[in-house]
Amino acid sequence: MTRFMNNLEVELFLKQELPENSEEYSGSQIENLLSWLCTAPRFTTFRVNTLVTTAQEVCELIASRLIKQAATQGRSLAVFNVTVHPKLPDTVIIGSLDETNLKPQEREIIVDATCGAAVLRGAHVFAPGIMGMPTGVHCGDTVSVFADIVGQCKKGFQKHYTQGSKIFLGNGIVHMERKHLYAKDLKPVGVAIEMIATVSGCPVIGADCLSPNLALLQNLPSILCGHVLSPLENEVILDMCAAPGNKTTHLAMLMGDQGVIIALDKTESKVNNIVKRCQQFSLRSVHAFVYDSTKSVHIMTGPQDPQEQHKSVPQGPPFRQESFDRILLDAPCSALGQRPQLANRITANQLKSYPSLQRKLFQSAVLLLRPGGTLIYSTCTVTVGENEGLVLWALEHFSNLELMPTVPVLGGPGLKGSGLTEEQRHCVQRFGPPLVGNDFDRDTVGFFIAHFRKKTTVGIT
Ligand SMILES: C[S@@+](CC[C@H](N)C(=O)[O-])C[C@H]1O[C@@H](n2cnc3c(N)ncnc32)[C@H](O)[C@@H]1O
């Protein structure tokens with residue numbers, strides 16, 4: 001695999017901010033982190049809709065579907081290992097095949113880096129992702145798919161692409177040719193190349209694999225987040241940064257769809273996706289709003305009656321302080337834990353901007369949480385400032401918060417040298433280097449989870 005996304009700014013940023021002189025992050029370890037981020041995880045995970053089925057049933061459905069698929073493609077020896085996660089009863093894990101000997105075909109299609117990353121995780125190629133397709137390629141042809149990782153291939157390129165860096169992703173069958181993709185005024189959608197096999201060995205799971213109300217593709221640490229929050233039936237929950245609603249729908253399922261979940265996101269189109277996702281699972285407990293969560297606290301002026309405060313279920317933002325039993329702050333972040341990273345144009349300045357937004361959101365979360373309530377903070381990134389750094393800042397600024405263990409434990413502890421004590425390091429969970437391995441709990445996306453509890457009485461300091 002190539003060097004980390006050709007983004008020196010990000011490499012330098014990570015080298016500077018990962019704990020200096022930490023035995024976990026010496027020079028070679030940073031190289032390991034960067035190359036780990038360039039590869040695709042070797043496990044695919046589904047979260048099951050436990051309101052209508054079981055993980056075991058979904059395992060059986062996926063296994064039989066994959067066997068049929070392999071047989072129609074003449075790959076009957078391709079047997080995927082499909083199992084239920086031993087600690088997460090709603091999670092199905094599919095191992096990858098060894099496809100290191102996959103041979104490229106003569107005809108090559110070029111896709112952009114985003115599409116390429118999705119293909120390596122098991123997606124088909126959708127029309128908008130195709131950059132170059134040589135003339136003479138027709139529907140039904142078997143082709144190889146390559147990703148242009150430097151973004152130089154012009155849309156509609158029609159020759160054999162030799163100009164920039166490209167990496168081989170896998171082979172597939174053409175469903176749309178040039179006339180379907182590039183004719184004037186066309187905005188093509190849908191599957192253009194049906195992937196048969198990818199070099200990552202991930203199962204290719206199209207929309208037709210499972211009925212959409214049965215399960216959802218979701219990364220393992222994201223599924224863990226819901227279990228760590230562990231919402232109970234009839235509680236009042238706030239999901240502060242909720243779109244597209246993957247974790248929101250999980251919380252609703254864990255609560256048996258009984259109770260109230262308020263899902264906020266500041267972008268209207270994304271909130272529409274939350275609504276669609278909830279409809280897909282026929283959930284009634286979720287109420288989604290377009291709202292900036294940094295402004296979601298209604299600050300009361302004048303004396304407040306404490307009885308009054310807890311009387312009603314919150315209707316819509318802004319909310320009174322202490323309105324929620326549990327809050328999930330799955331924060332906007334630099335997303336440097338996403339794998340594989342084939343290209344990334346983020347700048348150092350953008351990277352530096354996240355902690356202040358995360359702190360503003362966190363401040364609102366603390367005000368909105370009831371005493372005794374649970375606050376889960378998570379990111380899908382590997383930087384210290386957005387993870388252990390946020391936890392340190394929170395413990396320094398909110399004497400009414402205590403850091404609690406995150407259970408069940410699947411990931412590793414927080415980084416050494418990040419300022420957290422040994423006990424605090426083992427309360428949080430970090431997914432990604434230095435703790436990596438070949439099993440489904442280690443070969444994940446990079447992720448971070450911390451669990452806070454709001455004390456019922458505040459000690460005088
Ligand atoms: C990591 S994503 C959330 C993913 C989501 N929790 C899930 O599992 O499907 C972060 C989200 O935060 C939203 N966001 C960013 N700033 C926000 C703000 N000030 N208030 C509310 N949402 C915000 C973004 O639009 C984005 O959808």
Side-chain angles (χ1 to χ4, degrees), residues 1-6 32-45 62 66 69-70 72-82 93-126 129-134 137 141-151 153 160-162 164-175 191-206 209 217 219 337-344 436-440 442-446:
M1 192 50 80
T2 52
R3 287 290 297 121
F4 184 63
M5 50 171 127
N6 301 305
N32 287 348
L33 167 67
L34 299 176
S35 40
W36 184 78
L37 290 171
C38 286
T39 59
R42 293 193 50 78
F43 295 92
T44 302
T45 41
I62 293 176
L66 289 174
Q69 190 175 300
T72 52
Q73 292 166 352
R75 294 160 54 89
S76 48
L77 290 178
V79 178
F80 288 94
N81 186 16
V82 189
I93 299 155
I94 313 170
S96 294
L97 301 176
D98 181 2
E99 295 280 18
T100 39
N101 293 325
L102 195 66
K103 296 271 177 304
Q105 304 286 307
E106 204 176 302
R107 278 172 288 211
E108 296 180 6
I109 305 299
I110 305 294
V111 300
D112 65 33
T114 310
C115 173
V119 166
L120 289 176
R121 295 294 309 266
H124 292 303
V125 174
F126 285 76
I130 297 197
M131 301 307 291
M133 177 182 276
V137 168
D141 287 351
T142 301
V143 290
S144 281
V145 179
F146 284 76
D148 163 29
I149 55 169
V150 286
C153 182
H160 185 76
Y161 185 69
T162 50
S165 297
K166 60 179 182 185
I167 56 165
F168 176 45
L169 303 175
N171 298 328
I173 298 168
V174 176
H175 284 268
V191 174
I193 314 279
E194 181 193 339
M195 293 306 294
I196 304 169
T198 61
V199 289
S200 65
C202 280
V204 181
I205 297 181
C209 178
L217 265 175
N219 288 313
Q338 296 296 347
R339 294 174 66 205
Q341 302 248 349
L342 302 187
N344 190 325
V436 291
N438 295 327
D439 61 291
F440 45 73
R442 299 276 177 270
D443 193 0
T444 60
V445 293

For R339 and N219, test the side chains for any donor-to-acceptor distance below 3.5 angstrom and give the result as yes or no.
-> no
Drop me the distance from L34's CG to T39's OG1, to the nearest 0.5 angstrom.
-> 11.5 Å
Smallest separation among heavy atoms of A343 and A113, with atom names | CB-CB, 3.6 Å
With side chains defined as the heavy atoms from C-beta onward, is the minimum distance between E194 and V204 less than 4.5 Å?
-> no
Output yes when a side-chain donor or acceptor of R42 lies under 3.5 Å from a complementary backbone atom of S200, and no otherwise.
-> yes
Answer whether the closest heavy-atom distance between the side chains of V174 and M133 falls below 4.5 Å.
-> yes
Worked check of side-chain contact (heavy atoms from CB on, under 4.5 Å) between I130 and I193 = CA-CA 9 Å; I130 297 197; I193 314 279; 4.0 Å; yes
dist C38:SG -> L33:CG (nearest 0.5 Å) comes out at 9.5 Å
Looking only at heavy atoms, what is the nearest atom pair of S165 and V150, with distance?
-> N-CG2, 3.7 Å
With side-chain contact (heavy atoms from CB on, under 4.5 Å) as the test, would you mind laying out the steps for C115 and V125 before giving the verdict?
-> CA-CA 7 Å; C115 173; V125 174; 4.0 Å; yes
Hey, does T444 have a side-chain heavy atom less than 4.5 Å from the side chain of P41?
-> no
Nearest atoms (heavy-atom pairs only) where A40 meets L120 | CB-O, 3.8 Å
Between F146 and V111, is any pair of side-chain heavy atoms under 4.5 Å apart?
-> no
What one should report as the nearest heavy-atom pair of M195 and N171 is CE-O, 3.4 Å
Taking the inter-plane angle between the rings of F440 and F43 on a 0 to 90° scale, is it parallel (under 30°), tilted (30 to 60°) or perpendicular (over 60°)?
-> perpendicular
Rounded to the nearest 0.5 Å, the CD1 atom of I173 sits from the NE2 atom of H124 at a distance of 10.0 Å
Quick one: pull up CD1 in I110 and CG in L169 and give me the separation to the nearest 0.5 Å.
-> 9.0 Å
Nearest-0.5 Å distance that lies between atom CZ in F80 and atom OG in S96 | 7.0 Å
Applying side-chain contact (heavy atoms from CB on, under 4.5 Å) between C202 and each of I94, V119, T44, report the one that passes.
-> T44
Less than 4.5 Å apart, any side-chain heavy atom of S144 and any of E106?
-> no
Minimum-distance pair of heavy atoms, taken over all atoms of L102 and F168 = O-CE2, 3.6 Å
To the nearest 0.5 Å, what is the distance between CG (L342) and CD1 (I167)?
-> 4.5 Å
Could you check V143 against Q105 for side-chain contact (heavy atoms from CB on, under 4.5 Å), going step by step and ending with a plain yes or no?
-> CA-CA 6 Å; V143 290; Q105 304 286 307; 5.6 Å; no
Where P134 and I109 come nearest, the two heavy atoms and their spacing | CD-CD1, 4.2 Å
